[in-house]
Protein chains: 2
Amino acid sequence: MPPIKVKIADPPSPADPVETIAQAQGQPVAKRALKGAGKGTGKGAGKPKPLTRIQREKQDQILEAALDIFSRHGFRGATIDQIAEQAGMSKPNLLYYFPRKETIYKRLISGLLETWLAPLSEMDASGDPIPEIRSYIRRKLEMARDFPRESRLFANEMLEGAPRVIDMLEGELKALVDEKAKIILGWMDEGKLNRADPYHLIFAIWATTQHYADFDVQVRAVLGRDRGGDGRYEDAAHFLERLFMHGLQPRR
Amino acid sequence: MPPIKVKIADPPSPADPVETIAQAQGQPVAKRALKGAGKGTGKGAGKPKPLTRIQREKQDQILEAALDIFSRHGFRGATIDQIAEQAGMSKPNLLYYFPRKETIYKRLISGLLETWLAPLSEMDASGDPIPEIRSYIRRKLEMARDFPRESRLFANEMLEGAPRVIDMLEGELKALVDEKAKIILGWMDEGKLNRADPYHLIFAIWATTQHYADFDVQVRAVLGRDRGGDGRYEDAAHFLERLFMHGLQPRR
DNA sequence: CTAACGTTTTTCCAACTGGTCAAATTTCCG
DNA sequence: CGGAAATTTGACCAGTTGGAAAAACGTTAG
């Protein structure tokens, strides 16, 4: 019997390019002409306005480019010029769509979060523990493979001490993890999983999967030309499945 | 019988402050007066010169401060001014000891690497597999706890694509991992460990342990006030030990 | 066609950046 | 002590950075 081959879903083809996760619709273009306005209405919460085709396109170009740059150099290390060039437009042109560097960054991050946490959200208390966890690991690994820039953007923010998302970590994220930890604990109580700290289990899943995005250079360098190719995600999936299920110690 | 409490060695006391890993002695101070010199001798490899007390002290102050700044903001995101201020001296003064920003960074990284890889180097083929791996995990976790800035510095370099250390990754690091992977494979052949890809095993150990340094903010935010305190490393050690040894699936 | 709007470009600026240099100050050593 | 060497400082500089302003250009509905 051949070893169980863990199938992880095919990556999107290059012809159908992976689109940026962060596509949250948002405020309309910040118009110079409207600069002083909105002060009377408290939080500037007029009607969202329908966004023209050009606006949508250009904003997407910018966010796509910004993701590239921010994910490699972090917030401080990235420059508007770099992003503008990558997006194929001039700096003032870019600033016409996003008034400040920070605005771009924040849009990226907030657009990212929902998708980023989706796999964990989907973990279902009524499901079978083992398949649920296996599938969570697999989905997380797929995200590392298909959205490595998003992963690195997030990692960069963490390394800086998360100054821009700390509230969300202590709020939404903690709440979600608390909830799922409770579910996992329940499974353990039923004897369907070995007893272990559910929080650290979640950390371990995050760490091992995101590692393949964040430390990609290192992974590829160490695996070398032959083993570091496209197959490495299959290998990783297979390995992680066995690690999380059975560990290393043989049953004597 | 109480659950086995994994002991991880005590952190250095605050009174005996953790010294920077990177303390490689190196070139003497780059003297303005000697600027043009050294061109005749090929690589400027005169005698290393003994370094005065002040030189050692100031260089250490600078490296210590630089580690703080670089590890949070990456190379591009860090400024000499920040480092100088953190080190309690003026920018020109700092530049008297290290002629360029990059010099500081490189010294930091090269001084770090040896120590960073020491735990893996120590993994011994003639030892018992299970204790060897357990102890490797423990040591790695201790390093994440005691040298989080070093871990973050390294992570930052990886996120940027490792432009300054890629050679070392493909050279020394790959060689070391290849060697240890062979040892682990040997152990598996003897039936002393469950069969699994040794490269991905090493990645998993790196990822899970370094996570506690690199994503420290997140870990603390999610664990909350009560569980995120100093005990979290004990909990992590305990969890990782069980995960890597036995996995999650109960033996039916 | 044209006025009104949305978009793009050119020009500009003040703050910050990495780095230099000579002068002033301190330390070291006989 | 006295002077040479080592160290520190203040002034400076050229290039980059985030961003503002306004003029120029394009598009489209009437």
Side-chain angles (χ1 to χ4, degrees), chain A residues 27-37 46 48-62 65-66 69-70 72-108 164, chain B residues 27-37 46-63 65-66 69-70 72-108 164:
Chain A
Q27 306 87 322
V29 184
K31 302 189 178 102
R32 217 68 74 179
L34 294 180
K35 196 162 53 175
K49 269 213 180 160
L51 280 215
T52 75
R53 174 186 53 88
I54 292 186
Q55 286 172 338
R56 246 178 298 112
E57 282 178 9
K58 292 285 166 119
Q59 286 193 7
D60 286 357
Q61 278 175 243
I62 292 169
I69 306 296
F70 280 135
R72 291 225 160 266
H73 304 293
F75 181 76
R76 290 222 45 201
T79 75
I80 303 189
D81 283 288
Q82 275 178 100
I83 298 172
E85 191 193 341
Q86 182 97 345
M89 65 185 76
S90 68
K91 177 171 67 170
N93 197 182
L94 178 151
L95 284 168
Y96 171 69
Y97 291 100
F98 293 88
R100 346 203 70 244
K101 188 182 171 184
E102 219 186 329
T103 314
I104 312 177
Y105 189 83
K106 279 187 180 159
R107 270 279 284 279
L108 275 181
R164 281 163 281 260
Chain B
Q27 307 86 325
V29 184
K31 303 187 177 106
R32 217 64 76 179
L34 294 181
K35 198 163 49 174
K47 55 185 73 178
K49 267 207 177 166
L51 281 212
T52 74
R53 173 187 54 87
I54 294 187
Q55 284 172 340
R56 246 179 297 112
E57 281 178 11
K58 291 288 166 119
Q59 286 193 9
D60 286 358
Q61 276 175 245
I62 293 169
L63 289 172
I69 306 297
F70 280 135
R72 292 225 160 263
H73 304 293
F75 182 75
R76 290 221 44 198
T79 75
I80 302 188
D81 283 289
Q82 277 178 99
I83 300 173
E85 192 192 341
Q86 182 96 346
M89 65 185 77
S90 67
K91 178 169 66 167
N93 197 185
L94 179 151
L95 285 168
Y96 171 71
Y97 292 100
F98 292 88
R100 349 203 69 242
K101 188 182 173 187
E102 221 187 327
T103 314
I104 312 178
Y105 190 83
K106 280 187 179 162
R107 269 278 286 277
L108 232 31
R164 282 163 282 259

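In what follows, chains are A, B, ... by sequence order, proteins preceding strands, each numbered from 1.
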Visitor: Can you measure Glu85(B) atom CD to dT17(C) atom C1' for me and round it to whole angstrom units?
Guide: 15 Å
Visitor: Hey, is the side chain of Lys101(A) poking within less than 4.0 Å of OP1 or OP2 on dT17(D), counting only N and O atoms?
Guide: no
Visitor: Which listed nucleotide (dG19(C), dG19(D), dT7(C)) is nearest to the side chain of Tyr97(A)?
Guide: dT7(C)
Visitor: Grab the CD1-P distance between Ile104(A) and dT17(D) for me, whole Å please.
Guide: 15 Å
Visitor: Please report the interatomic distance CZ(Arg107(B)) to CG(Leu63(B)), rounded to the nearest 0.5 Å.
Guide: 5.5 Å
Visitor: Rounded to whole angstrom units, what separation is found between the CD atom of Glu102(A) and the C1' atom of dG19(D)?
Guide: 14 Å
Visitor: What integer distance in Å separates Leu95(A):CG from dT17(D):P?
Guide: 14 Å
Visitor: Nearest-Å distance, CZ (Phe98(B)) to P (dT8(D))?
Guide: 13 Å
Visitor: Round to the nearest Å and state the distance from Glu57(B) atom CD to dA6(D) atom P.
Guide: 17 Å
Visitor: Treating Lys101(B) as the side-chain partner and Phe75(B) as the backbone partner, does any N or O pair qualify as donor plus acceptor under 3.5 Å?
Guide: yes
Visitor: Measuring only between side-chain heavy atoms, which start at C-beta, is Ile62(B) closer than 4.5 Å to Met89(B)?
Guide: yes
Visitor: Holding to side-chain hydrogen bond (donor to acceptor under 3.5 Å, both in side chains), I want the full list of residues that pass it with Gln61(B), two or more places apart in sequence or in another chain.
Guide: none
Visitor: For the residue pair Ala66(B) and Ile104(B), what are the closest heavy atoms and their distance?
Guide: CB-CG2, 3.5 Å
Visitor: Can a side chain N or O of Asn93(B) be found less than 4.0 Å away from OP1 or OP2 on dT7(D)?
Guide: no
Visitor: Between N or O atoms, less than 3.5 Å apart, protein on one side and nucleotides 26-30 of chain C on the other: list the pairs.
Guide:
{"residue": "dC28(C)", "atom": "OP1", "partner": "Arg53(B)", "partner atom": "NH2", "Å": "3.2"}

Visitor: So which protein N/O to nucleotides 11-14 of chain D N/O distances come out below 3.5 Å?
Guide:
none

Visitor: On DNA chain C, does the nearest nucleotide to Met89(A) precede the nearest nucleotide to Arg76(A) from the 5' side, or the other way round? Give the residue.
Guide: Met89(A)
Visitor: For Glu102(A), check salt bridge (Lys or Arg N to Asp or Glu O under 4.0 Å) against everything at least two apart and list the hits.
Guide: Lys106(A)
Visitor: Provide the full list of salt bridge (charged side-chain N to carboxylate O under 4.0 Å, His left out) pairs with a residue in residues 72-87 of chain B, sequence neighbours left out, each pair given once.
Guide: Asp81(B)-Lys91(B)
Visitor: May I ask you to verify if any side-chain N or O of Gln55(B) is less than 4.0 angstrom from the OP1 or OP2 atom of dT7(D)?
Guide: yes
Visitor: Examine dT7(C): is either OP1 or OP2 under 4.0 Å from a nitrogen or oxygen in the side chain of Tyr96(A)? Give yes or no.
Guide: yes
Visitor: Taking salt bridge (Lys or Arg N to Asp or Glu O under 4.0 Å) as the definition, give me every residue that meets it alongside Arg164(B), ordered by chain and number, with sequence neighbours left out.
Guide: Glu157(B), Glu160(B)
Visitor: Quickly work out the Gln59(A) CD to dT8(C) P distance and round it to whole Å.
Guide: 12 Å
Visitor: So, is Ser90(B) close to the dT9(D) phosphate, meaning a side-chain N or O under 4.0 Å from OP1 or OP2?
Guide: yes
Visitor: Just the rounded figure in Å: distance from P of dG18(C) to CG of Leu94(B).
Guide: 11 Å
Visitor: Starting at CD1 of Ile83(B), measure out to NE2 of His73(B) and round the result to the nearest 0.5 Å.
Guide: 10.0 Å
Visitor: Just compare dT8(C), dG18(D), dT17(D) and give me whichever is closest to any side-chain atom of Ile80(A).
Guide: dG18(D)
Visitor: Does dT20(C) have its OP1 or OP2 closer than 4.0 Å to a side-chain nitrogen or oxygen of Arg100(B)?
Guide: no
Visitor: Assign Ala84(B) to base, sugar-phosphate, or nothing according to its heavy-atom contacts below 4.0 angstrom with the strands shown.
Guide: nothing
Visitor: Would you call the rings of Phe70(B) and Tyr105(B) parallel, tilted or perpendicular, where under 30° means parallel and over 60° means perpendicular?
Guide: perpendicular
